Amino acid sequence: MEISSLRLVRTLSLPLLIFMMGAGTSCTAQQPAADLSEASLEQLGNIPVYSASMHLQPSGEAPSSVTVITSDEIQEHGYRTLADILRTVRSFYVTYDRNYSSLGVRGFARPGDYNTRILLLVDGHRMNDDVYDEAMIGTEFPIDVEMIQRVEIIRGPVSSLYGSNALFAVINVITRQAQNVSGLELSGESASFNTYKGRISYGHELGQFKFLVSGSFYGSRGQNQLFYPEFDSPLTNNGIASHADDDQLGTALATLSSQDFTVQASYGTREKGIPTGAYGTIFNNAATRTTDSHGYGDARYDHTFAGNWELMARLFLDRYTYEGTYMYPSPLDPTQASPNLDFADGEWWGSQVQVTKTVLRRNRVTAGVEYRDNIRQNQSNYNVNPYSLELSDQRSSSIAGIYFQDEVPITKSLALNVGIRYDHYRDVAASTDPRVAIVYRPVSKTNLKLIYGKAFRIPNVYERYYSAFPNLPNPALSPEKLGSTEFVWEQGLSDRLWFSTSAFHIDASDLISQQSVNNGLLIYSNLQNVESNGIEMELKGRLPHGFEGIASYSFQEAKDRDSKQFLNDSPRHLGKLELVQPLLQRKLFASLDAQYRSGMTTFTGGSVSSFPIVNFDLFGQKIGRHLDLSVSLYNLLDKTYFDPPSTGVPEASIQQDGRTFRVKMTWHFGERR
Amino acid sequence: MKQRHKIGVCWIALCIGLLPPLCGPQSAHAQQISEYQVKAAYLYSFTKFVEWPAGTFANTADPIRMCILNDRSFVAQLIQIVGSKQIAGHPVLVILVQDGRQSRGCQELFISSSQSQETLQIMDSLRGTSVLTVGETNDFVAQGGIINFIVQDNHVQFQVNQKAASQAGLRMSSQLLSVAKRVFK
């Protein structure tokens with residue numbers, strides 16, 4: 001059964017490849033194009049042409065609700081991590097349990113999941129690993145935020161293009177290229193809690209070759225003392241976790257490109273102390289910690305052939321490892337601590353070929369095939385003293401997907417976008433996910449979009465097979481499924497002021513959640529059927545002299561369809577504000593960003609209250625030509641606020657940092673464009 | 001397990017085998033000229049009819065930077081047109097730029113319709129520079145752009161905003177102005 005379906009995928013992909021080969025155009029077909037350069041202006045005006053659609057769509061035409069954040073905004077607002085960037089995006093919210101950051105979108109954030117319902121890409125390369133499916137967004141994100149050129153966020157399900165994990169959003173991080181760095185760049189920063197960071201980057205263009213290398217190190221002692229009232233007893237240091245919040249990150253990134261070829265290598269490793277006494281570990285023992293490392297190599301070929309054929313082919317290899325050290329009282333001598341070690345080791349390679357062709361004027365057809373081979377999806381766990389092996393689980397799997405998308409212009413103002421993807425898995429049921437979008441632009445500056453999409457996520461090996469105490473395995477888990485309908489209205493009020501709003505309805509079934517069974521054992525089950533309804537509104541404006549502002553508000557109500565209860569970890573109101581004022585002929589930027597999150601219940605039955613957070617940043621650029629300087633104050637009002645706990649964390653809520661600062665200097669040695 | 005590896009090997013072989021044959025037989029479409037090939041040729045030609053302020057180039061070895069905002073595939077088309085040509089002794093460099101700040105170092109900047117929502121932001125950050133901005137949307141001239149492409153009956157024409165050009169310190173040759181479909185003064 002399994003073999004025959006795989007054969008089916010191969011049979012489907014073979015003709016596609018042959019079709020692509022046959023359709024590839026001659027290298028000499030570029031000749032007439034070169035001659036055009038000798039034509040006079042008059043001659044150019046007399047050449048009859050056929051129309052072709054351009055390649056990147058403006059967000060107005062894009063068949064989805066899209067947000068883009070640029071490197072300018074990252075610098076001006078002083079964002080430190082991808083999580084900092086994402087918490088400013090409308091209808092997104094981030095919670096932090098002092099180990100990993102969790103992203104909620106449109107009212108969905110399930111405790112105990114590791115951002116598995118968000119697909120994270122770096123330059124189109126899939127970052128969710130093959131053990132936990134985790135999209136790492138805090139300091140654990142293996143790309144230095146200063147190396148980001150822009151972040152593109154597509155809201156809503158896009159499994160029709162990307163397959164598993166693309167349930168609530170796809171986040172594509174585009175990194176800086178050689179031409180954005182040009183020469184040597186050094187950066188250093190210092191921040192609250194003994195935090196230091198250094199980065200060295202070098203970009204150079206040598207004829208057709210462009211290369212960029214960058215490395216950075218981040219180290220933070222973290223808060224010297226964190227107080228957790230749950231542990232307020234003389235036995236547990238009166239609730240004070242002392243020097244247990246440290247955070248270290250090292251990253252390396254290299255990109256080499258020559259014309260249509262791009263090769264990228266990236267590696268990031270982060271070690272974080274866990275101060276919360278998570279998973280029943282000894283409170284106030286600084287040896288309890290996790291280390292996550294993710295590295296990959298990715299080779300890509302992009303080419304546009306005459307006749308508007310676009311080809312993209314990609315080949316990649318990834319490695320992800322996790323090591324957790326959890327300190328428990330030793331069974332031999334309970335006054336002594338003995339480590340329990342927890343490991344994950346994932347390795348996968350894959351390849352993708354995609355071809356796009358514009359036919360019949362502006363009808364743009366995209367077809368692609370993707371294959372991923374999860375070579376290793378291993379998990380293990382053992383106690384050190386006395387030695388006892390709790391878990392040793394070795395897995396491997398593979399995924400083959402084929403997808404098709406067609407952008408059909410019906411009239412000048414009406415366009416239809418249809419897409420479908422079929423994914424075959426070795427040991428779970430295959431999935432077919434369609435998506436349909438209608439984009440209507442009745443008059444200039446008005447975009448109306450109606451989008452329907454289905455998406456899915458297959459259970460990961462952690463959810464199915466992790467069985468070290470107190471977890472129970474559940475190999476029979478089935479994929480979770482989601483359907484979403486969304487209406488988007490984007491309206492230009494003037495050249496400088498845009499208003500957009502969207503209303504959505506999401507139905508998710510068989511959501512995988514962790515639950516407690518008898519004697520406190522934990523198991524992942526297809527538990528919930530959830531529905532979320534909401535609206536979002538955003539106003540974006542820009543004045544002639546550079547003042548910019550974005551304000552957004554979103555209201556969402558996520559409910560369990562069976563119990564009719566509101567979901568926990570799901571705020572009903574979110575508000576965001578970002579303002580930038582350039583000063584001194586755009587040499588200095590003063591910026592303010594604020595986020596409001598309403599209160600929400602937590603999975604332990606408690607709740608966390610609403611709060612506003614305000615951050616302020618002054619960014620000076622090209623001081624004496626080469627220097628950029630920024631001073632940031634985070635949580636300016638020194639607001640005391642709490643995030644909900646994740647599963648395994650014993651506290652009812654996790655207090656977040658008060659007012660903190662950061663000072664950053666960047667020196668550009670090369671020519672700056 | 002074995003089956004899986006066979007498929008993997010097969011897959012790699014196909015992917016590698018795919019690349020060279022792409023320089024294969026000619027397609028029917030190849031002889032037709034696309035709108036964007038002509039636009040690319042215009043972008044190249046405009047630089048011959050525009051004079052940048054004194055001091056823009058330190059010497060003739062300084063390149064003329066033709067920039068494209070955020071569009072990889074159009075960059076490829078422009079490189080095909082430009083090749084290794086020189087204009088008045090200056091080498092021509094095609095550069096992909098991603099935002100206004102990078103665009104400040106360009107001599108010419110093309111903002112395609114797909115990037116038109118960025119136009120105002122780009123114009124704001126180009127204030128005080130001498131960048132020849134070229135666009136292709138109805139309101140490009142109103143937004144302060146200098147040259148705007150229009151497609152009429154399958155022919156690519158252009159409009160010139162002379163006021164914006166002189167504000168940027170650019171001198172347009174009379175030949176360019178005479179070919180323009182419309183000149184805004």
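Just so we're clear, the structure is a prediction, and the values are computed from it rather than from any experiment. Sequence lines set the chain letters: A, B, ... in the order given, protein chains first and strands last, and positions in each chain run from 1.
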Let me know if A/Q149 has heavy atoms under 4.5 Å from chain B in its side chain, its backbone, both or neither.
side chain
Looking at every heavy atom in both B/I146 and B/A165, which two are closest together, and how far apart are they?
CG2-CB, 3.8 Å
Pick one of side chain, backbone, both or neither for A/S40, based on which atoms fall under 4.5 Å of a heavy atom in chain B.
neither
Residues A/K622, A/D628: salt bridge by 4.0 Å N-O rule
no
Quick one: do B/D124 and A/R496 make a salt bridge, cutoff under 4.0 Å?
yes
Report which part of B/L43 has an atom under 4.5 Å of a heavy atom belonging to chain A: side chain, backbone, both, or neither.
neither
Let me know if B/I79 has heavy atoms under 4.5 Å from chain A in its side chain, its backbone, both or neither.
neither
Between B/K39 and chain A, with a heavy-atom cut-off of 4.5 Å, which part of the residue counts as in contact: side chain, backbone, both or neither?
neither
Top of B/Q121, B/K181, B/Q143 for chain A proximity - count of heavy-atom pairs under 4.5 angstrom
B/Q121
Side chains of B/E136 and B/I150, heavy atoms from C-beta outward: is any pair under 4.5 Å?
no
Measure B/S125 against the heavy atoms of chain A and call it side chain, backbone, both or neither at under 4.5 Å.
both
Give a yes or no on whether the backbone of B/V156 and the side-chain of B/Y42 come within a donor-acceptor separation of less than 3.5 Å.
yes
Quick one: do B/E118 and A/R542 make a salt bridge, cutoff under 4.0 Å?
no
